[in-house]
Protein chains: 2
Amino acid sequence: MTQLLDVRKMNILRAIIDDYILTAAPVGSRTLSKRDDIELSPATIRNEMSDLTELGFLEQPHTSAGRVPSEKAYRLYVNNIMDRAHITDDEAEYIRRHLEQRVSEVGDVIKETARMLSGITNYTSVVQSPHLRNARLKHISLIPVSEGSALAVVVTNSGATNSTMLKVPKGITAQDLEKISKLMNERMIGYRLTDVHKTLLPLLREEIGEQADTVAEMLGSLDKDLGKQSVEVVGASKMLDFPEYSDVAKAKSFLSEIERGEMLSEVLSENEGVEISVRIGNENDNPELKDCSVVTVSYRVGGEQVGSMGVIGPTRMDYGKVVAVLRCMSESLGKVLSSMLGSGSENNNDQ
Amino acid sequence: MTQLLDVRKMNILRAIIDDYILTAAPVGSRTLSKRDDIELSPATIRNEMSDLTELGFLEQPHTSAGRVPSEKAYRLYVNNIMDRAHITDDEAEYIRRHLEQRVSEVGDVIKETARMLSGITNYTSVVQSPHLRNARLKHISLIPVSEGSALAVVVTNSGATNSTMLKVPKGITAQDLEKISKLMNERMIGYRLTDVHKTLLPLLREEIGEQADTVAEMLGSLDKDLGKQSVEVVGASKMLDFPEYSDVAKAKSFLSEIERGEMLSEVLSENEGVEISVRIGNENDNPELKDCSVVTVSYRVGGEQVGSMGVIGPTRMDYGKVVAVLRCMSESLGKVLSSMLGSGSENNNDQ
DNA sequence: TGTTAGCACTCATCCCTTTCGAGTGCTAAC
DNA sequence: GTTAGCACTCGAAAGGGATGAGTGCTAACA
C-alpha cells in the first residue's frame, strides 16, 4: 500500500498536510509551489493533486477551492510520513523536572500531568489515574464511621492509597472491625486484592469465623472500588480555539459530551495492551469525535501497564508533536510514579 | 427608593423583565400591550418606558429597538418584585428524594447536588464540599506508606473522612507511628482539629515526648489540608445555550476561566455568613462574570454553616426559580448531610 | 514523455445597496 | 391622562456585482 505513492506525491501530500495543520485553510497549488521543498510549477502540482484526489487522499470543499487532506491522508501521514522527533531534549527535560516537583500524592501528579499535556500541546488532555488491580496489599485499616458504615483504607505496595466507604452489617462492633482488620493485615498482606477475594478468602474462611461473610462482602466492594480509575481532563475549552469549532452548536455538543465524562474512560480504556494509538476522525467509535483525532498512550509502573493518557484535538492536529510529547510524558509519568511509590517496581515482579 | 416607582411602572418593568428573561430579545411596547396583565395601549406604555429609561431601569440597544432591562432593574426585581415561590412541592419532593438515594459518601452527594442543580435550572452549577474546620475528631489513623511518608486518615464526628499524605521525619518507624496515633486517639478525640493544634498540643507536649515536634508538624499540615474545600462544577457548557454567548471568543474566555477554577472558590467563599446572595453583572468582582449573575446560598450541617453552592447564568436568569431551587437544595443538602453523617448535629452544639 | 504556460471557468467572500419591519418619539385629538 | 396617527430610525435580511483564489484543460516546449 505504501508504494501506491511515488516520492513526489508523498512530498506534495506531506506539504499539504503540514500546511493544513498550520492554517486550517484549503491548500492551493500556487501556495505549494512557493515552498522551498517543492520545486515544481503550480500546473504540475495540480496534476499530482488531481491524482491524489482520485486516490482518496485529498478532498475539495468545492470546485474552486484548494485541497484538504482526507482521513486516509492523515492515516498515511501518521503511519509513514511524519517525523516523530518533534520534541527537543530541553522540552523533555522540562517535562521531567516539572513532574518530579510534585512529589506529594498520586492524584496531584496525575492532575499536573494533565495540565502540562494540555499546556504543551494546546489540545484537550485526558489522563487516567493508575489502576490498582494488580497492586499488592500493604495495609488495610477499617475505621468505624457511624452505625452501619466503616471506612476502609487500603495502602498498596505501589504506595497508592484508596479509601472507600463500606456498608457494615448491624451486628458488627468497633472491636469486631479492629479484629478483622488485624487478621486481614496479618494474613493478606502481599497478595493482590483479586487474589485475596478469589483465592485466599476461601482458605481463610474458618479462621475468620462468623465474620467471613462480612469480610467477603467488604472485599467485594473494595475490589469494585479499586477498579475505578478517575480521569482528569484539562483544556476542554481549548477546542474553541480551532475554526473547526467556531460553530457554537458544535462546540456545545462536544463540550457537553466531554463533561458527561463517559466517553473519556471509553476512549482511554480502548487501548489496553497497545502502547500508542492514534484514532483519526471516524476511526473513533463515538460520533461526537468524528471530527477529532484522539492519540492515546499507556503508561507503566514497574513494568506493568497501569493506565493511559491522551490528547483530543481536531483531525488536523500536529501528530508528530503530540506523539512525541505523549511518548515523553508516558515515560516521565511512569518514572515519577515508580519512584514516588517507592518499592513498587521490585515487589511487582515476583509473581 | 422603592417608592420611586408607582404600581404601573412596576408592573411594566416586571413584564419587560419576565419577557426578556424568556426571549433575550429587546421588548417593545406593542408586545407588552398584548399581554393580559397589562391593559394599556402601546403609546401609553411607550411613555412609561421612556420614563423608566430616564430613571436608569431600561436601556436601548439602539433607537429603533425595544428596551432591555438594566442591571439596576434586575436589582430592583430581585429585591422587590419577583415572586419567590416558583418551585412546586413536587419539585421540592423530587430534590429531596433524589438526594437521599445517594447515601454513600459525602463526595457523591456533593456531585449529585451539583448535577441536579444544573439539571433543574439549566445553568452552570457550583457546589462546594463542606469544610471540616469545626468538626471534631473521632478517629485518626497514621498508616506508614513508604520511607518518609505516611497516610493520615481522619474521621470526624460529622462522619466526613479525609486522608492526607504526610511527610514523616526519617527517624520515625512504623511502631512510632502506631504509638503516636494511639496516643492521639486516646487524648484528642472530641476536640476540634484547630483546638488540638493550638490549645491541646502544648498541654500534651511532655506526654508525647520526643515525637512532639513530629506530631505538631503533622497536625499543622492536616489542619491546612482539612481547610481545603473542593468544588464541583456541572454544566459549564450550558452557557453556550444562551445567545449572550453565541460569540465563540466570549464563550471560550468564560469557559477557560471556569476551568481554571480559582474564580469559583472566590465566588463561593464571598458569602460567608450570608444565607443567600445575588450578584448581578458588574456586582461581581471577576470581570469575566460581568455579563453573568451569580446566585449563591450557604448550607448548614447541625446548625453550622459549612459550605455553599451557587448558580452562574446570564444576567437575565430566572432569579425567582433559581432562588427557590437554591433555597430548597440548601435545605435538602443540609438535611441529607446531617442525617448521613449521623451524630453530627448533636455533638456539634456542645462547645 | 513529462513539464509548463495560458486561458476559460467556478465559486466563496466581500461589499454595497435596497427593502422590510419592528419600534420609537412626537403631536394632536379624545 | 390616554390614545391614535404618523414620520422617522436603524438593524437584519436579501439581492447583486466585483474580486480573487483556485481549478481543469489544452497546447506548446524541452
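These numbers come from a predicted model, not from an experiment. Here is how names work: the chains are called A, B, and so on, in the same order as the sequence lines, proteins then strands, and each is numbered from 1.
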| said: Contact list please: residues 18-29 of chain A against DNA chain D, heavy atoms, distance less than 4.0 Å, in numerical order. | reply: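 Nucleic-acid contacts, sorted: A:G28, A:S29.
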
| message | Please give me every residue in residues 64-71 of chain A whose heavy atoms get under 4.0 Å of an atom in DNA chain D, ordered by residue number. | response |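 By residue number: A:S64, A:A65, A:G66, A:R67.
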
| Which nucleotide of DNA chain C is the first, and which the last, in the 5' to 3' direction, to come under 4.0 Å of a heavy atom belonging to chain A? |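 Range of nucleotides touched by chain A: C:dT3 to C:dA12.
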
| field | Heavy-atom pair with the smallest gap, counting every atom of B:R14 and B:I81 | value |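 Minimum heavy-atom separation between B:R14 and B:I81: NH2-O, 3.4 Å.
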
Using the side-chain hydrogen bond (donor to acceptor under 3.5 Å, both in side chains) criterion, which residues pair with [X]? Sequence neighbours excluded.
X: B:S33; result: none
X: B:Y74; result: none
X: B:S118; result: B:K238
X: A:E232; result: none

| field | Rounded distance [0.5 Å steps], CD1 in B:I95 versus CD1 in B:I120 | value |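 Reported value, rounded in 0.5 Å steps: 4.0 Å.
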
| To the nearest 0.5 Å, what is the distance between CG (A:N284) and CZ (A:R279)? |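 So the gap between those two atoms works out to 6.0 Å.
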
| request: Kindly write out the residues that satisfy ring-ring contact (aromatic ring centres under 6.0 Å, His included) with B:Y77, not counting sequence neighbours, or none if the list is empty. | output: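 Partners of B:Y77 under the ring-ring contact (aromatic ring centres under 6.0 Å, His included) test: none.
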
| message | So, using ring-ring contact (aromatic ring centres under 6.0 Å, His included) as the criterion, who are the partners of A:Y20 when residues are at least two apart? | response |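 Not a single residue meets the ring-ring contact (aromatic ring centres under 6.0 Å, His included) criterion with A:Y20.
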
Nucleotide [N], atom [atom2] - distance to [atom1] of [X] in whole Å:
X: B:K9; N: D:dT2; atom1: NZ; atom2: C1'; result: 14 Å
X: B:R30; N: D:dT3; atom1: CZ; atom2: P; result: 15 Å
X: B:E39; N: D:dT3; atom1: CD; atom2: C1'; result: 15 Å

| request: Strictly below 4.0 Å, heavy-atom distances to any atom of DNA chain C: list the hits from residues 42-53 of chain A, or just say none. | output: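 Those residues whose heavy atoms fall under 4.0 Å from DNA chain C, taken from residues 42-53 of chain A in numerical order, are A:A43, A:T44, A:R46, A:N47.
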
| task | Identify which one of A:V311, A:L117, A:I87 satisfies the side chain to side chain contact (heavy atoms under 4.5 Å, CB included) criterion when paired with A:V322. | result |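 For A:V322, the side chain to side chain contact (heavy atoms under 4.5 Å, CB included) check succeeds only for A:V311.
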
| Mind checking what makes side-chain contact (heavy atoms from CB on, under 4.5 Å) contact with A:P61, not counting sequence neighbours? |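 A:P61 satisfies side-chain contact (heavy atoms from CB on, under 4.5 Å) with A:P26, A:A65, A:V68 only.
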
| field | side chain to side chain contact (heavy atoms under 4.5 Å, CB included) between B:F57 and B:I16, intermediate numbers included | value | CA-CA 11 Å; B:F57 291 105; B:I16 292 176; over 6 Å; no

| request: Go through the steps for A:E259 and A:L255 under the test side chain to side chain contact (heavy atoms under 4.5 Å, CB included), then give the verdict. | output: CA-CA 6 Å; A:E259 201 169 30; A:L255 289 175; over 6 Å; no

| message | Using side-chain heavy atoms (C-beta onward) and a distance below 4.5 Å, is A:F254 in contact with B:S237? | response |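 Side-chain contact under 4.5 Å: no.
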
| field | Watson-Crick and G-U pairing of DNA chain C written in dot-bracket, each distance under 3.5 angstrom, with | for inter-strand partners | value | ||||||||||||||||||||||||||||||

| Would you call A:E48 and A:R8 a salt bridge, using N to O less than 4.0 angstrom? |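 Yes, charged N to carboxylate O under 4.0 Å.
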
